[in-house]
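Okay, structure first, notes after.
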2 protein chains.
Amino acid sequence: MTKTSSPDRPAPPDERHLRPAGRATRAAIEEAARRLFAERGFDASVRAIATEAGVDPALVIRHFGSKEALFLRCVDTSGSIGAVLDGPIETVGRRLVAYFLQPDRPLVRQRYLALAQAAHLDQVKEEMNRHTAETYVAALAPRLDGADRELRVALAVAQLSGLLNLAFRQEDPLVTDADPDRVVALYGDAIQHLLTPGLG
Amino acid sequence: MTKTSSPDRPAPPDERHLRPAGRATRAAIEEAARRLFAERGFDASVRAIATEAGVDPALVIRHFGSKEALFLRCVDTSGSIGAVLDGPIETVGRRLVAYFLQPDRPLVRQRYLALAQAAHLDQVKEEMNRHTAETYVAALAPRLDGADRELRVALAVAQLSGLLNLAFRQEDPLVTDADPDRVVALYGDAIQHLLTPGLG
DNA sequence: TCAACCAGTCAACGGTGTTGACCGAGAGGC
DNA sequence: GCCTCTCGGTCAACACCGTTGACTGGTTGA
């Protein structure tokens, strides 16, 4: 008796064979989750998301398996960072810092805070490591000179994460009260020094 | 009617006027908390700490006020970092990285993970900012040349926290699998570049 | 002696993520 | 048209969390 079509009872929904009603509420849950995760980070509770979507909390789990899986689906790490990485390699350090610190892009801040808050979950860790490798290392390492190209890009990502940590999460006044242009110049050059030691 | 000596009922214990029995169990709770916080970070539950100490969970709160306060008391940020900071300023970058990445000091790793995990708590944020200012900025800024001395030290701390984040929390294989000596050299020089731009 | 106070226990509150039992409705096969 | 079966959804409950307040005993100081 193969149990391919009827896995016991709880039956995890497979995205495909869903009826229109199920697809609609599923979308409503995901939309509510995106909004609340952006507002409160991983602290947004499953029950609050369910209330926002006008649905029973159990249904959230039934549709997405777990809070962690729903979170991963809602927080996409993609963004307009590609254009920054594709620009001139000699000035990518300052451009990266300027991109993440721009005050008129609250989504960047929100996304970082949500991810940093949930970084203890294994799947989130994997996703972030994958993002580092497939976005940053893939874009920059081939364009570098010298040894340890991939490691140097990874360390540059570490520098970036440290700055965002102190500025957004830690909110250290020494950084938040500083002149943003000075931060871009100083920290951007430090990143640049790791990527292209000879220049600058 | 001044309520200086009798604040209603619950009476927060003031460390001073404690009977020997109270002092003993208080110490037992703190010892259990230190062990469990080191093992599991902030996820260690008050109930688990109480069980480990052979005590009722309510007593933990009665003695320390809250889980957060107990955590702050147990995770001290002090260490042997002072000696590293007091050494030659021209090579402090590499020495800092080497100090934190040394594999034979699991306490450094544990302490960082516990603090990073609890960084969303306001008092933990304040404590970490205070530590940055009083330990790192106070020790290094007066010995630097040029402008933005304090900001540059704070940004160097940001660099450090980013490296520890990627190495300990994120466990990015690009960093964990790399040759530690290369990481010390590359990242240490990047920090050094921020502190003493002219040298090296 | 007796009142005040400390040490400690107990049950409960409101919150969390998650599970399993249950029910109504719609779709497919005969 | 009926019957069956699966999907959509609700409900109550579980186990855990941090925290609170009421309560009991034992010790201490006046």
Can you tell me how far [atom2] of [N] sits from [atom1] of [X], to the nearest Å?
X       : N      : atom1 : atom2 : value
B/Arg40 : D/dC16 : CZ    : P     : 13 Å
A/Lys67 : D/dC17 : NZ    : C1'   : 13 Å
B/Asp56 : D/dG21 : CG    : C1'   : 13 Å
A/Arg62 : D/dC7  : CZ    : P     : 10 Å
A/Glu68 : C/dG17 : CD    : C1'   : 12 Å
B/Ile49 : D/dC16 : CD1   : P     : 17 Å
B/Leu59 : D/dG21 : CG    : P     : 16 Å
A/Ile29 : C/dG17 : CD1   : P     : 14 Å

Query raised in the report: Judged by atom type as modelled, is there a donor-acceptor pair below 3.5 Å linking the side chain of A/Glu31 to the main-chain atoms of A/Ala28?
Result: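 No; zero donor-acceptor contacts below 3.5 Å.
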What is the distance from atom CD of B/Glu150 to atom OG1 of B/Thr132, rounded to the nearest 0.5 Å?
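With rounding to 0.5 Å, CD (B/Glu150) is 12.5 Å from OG1 (B/Thr132).
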Could you state the interatomic distance from CE (B/Met128) to CG (A/Asn165), rounded to the nearest 0.5 Å?
->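 Between atom CE of B/Met128 and atom CG of A/Asn165 there are 7.0 Å.
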Worksheet item: side-chain contact (heavy atoms from CB on, under 4.5 Å) with B/Leu151: which of A/Asp179, A/Asp177, A/Val183, A/Leu174?
Response: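 The single option meeting the side-chain contact (heavy atoms from CB on, under 4.5 Å) with B/Leu151 is A/Val183.
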field: Aromatic plane relationship, A/Phe42 with A/Phe37 - under 30° parallel, 30 to 60° tilted, over 60° perpendicular
entry: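 Plane angle under 30°, so parallel.
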Options [options], nucleotide nearest the side-chain atoms of [X]:
X       : options               : value
A/Ile61 : C/dT9, D/dT10, C/dT19 : C/dT19
A/Ala58 : C/dT18, D/dG9, C/dT19 : C/dT19
B/Ser45 : D/dC17, C/dT9, D/dT19 : D/dC17

| query | Relative to the 5' end of DNA chain D, which residue comes earlier, A/Gly54 or B/Pro57, by the nucleotide with the nearest heavy atom? | reply |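 Looking at DNA chain D, the more 5' nearest nucleotide goes with A/Gly54.
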Original post:
Taking 4.0 angstrom as the limit, do B/Arg109 and B/Glu171 come out as a salt bridge?
Top reply: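 A salt bridge is present here (some side-chain N lies under 4.0 Å from a carboxylate O).
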task = Salt-bridge test for A/Arg130 and A/Glu127: reply yes if a basic N is under 4.0 Å from a carboxylate O, no otherwise.
result =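 A salt bridge links A/Arg130 with A/Glu127.
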| message | Using five base pairs at each end to define the local axes, how bent is the helix from C/dT1-D/dA30 to C/dC30-D/dG1, to the nearest 10°? | response |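 End-to-end axis angle for the helix from C/dT1-D/dA30 to C/dC30-D/dG1: 10°, rounded to 10°.
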Worksheet entry | Closest-nucleotide 5' rank along DNA chain C - winner of A/Asp43 and B/Thr25 |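 Of the two residues, B/Thr25 wins.
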Would you say the base of D/dG18 and the side-chain of B/Arg47 have a donor-acceptor pair closer than 3.5 Å?
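Yes, the side chain and the base share a sub-3.5 Å donor-acceptor pair.
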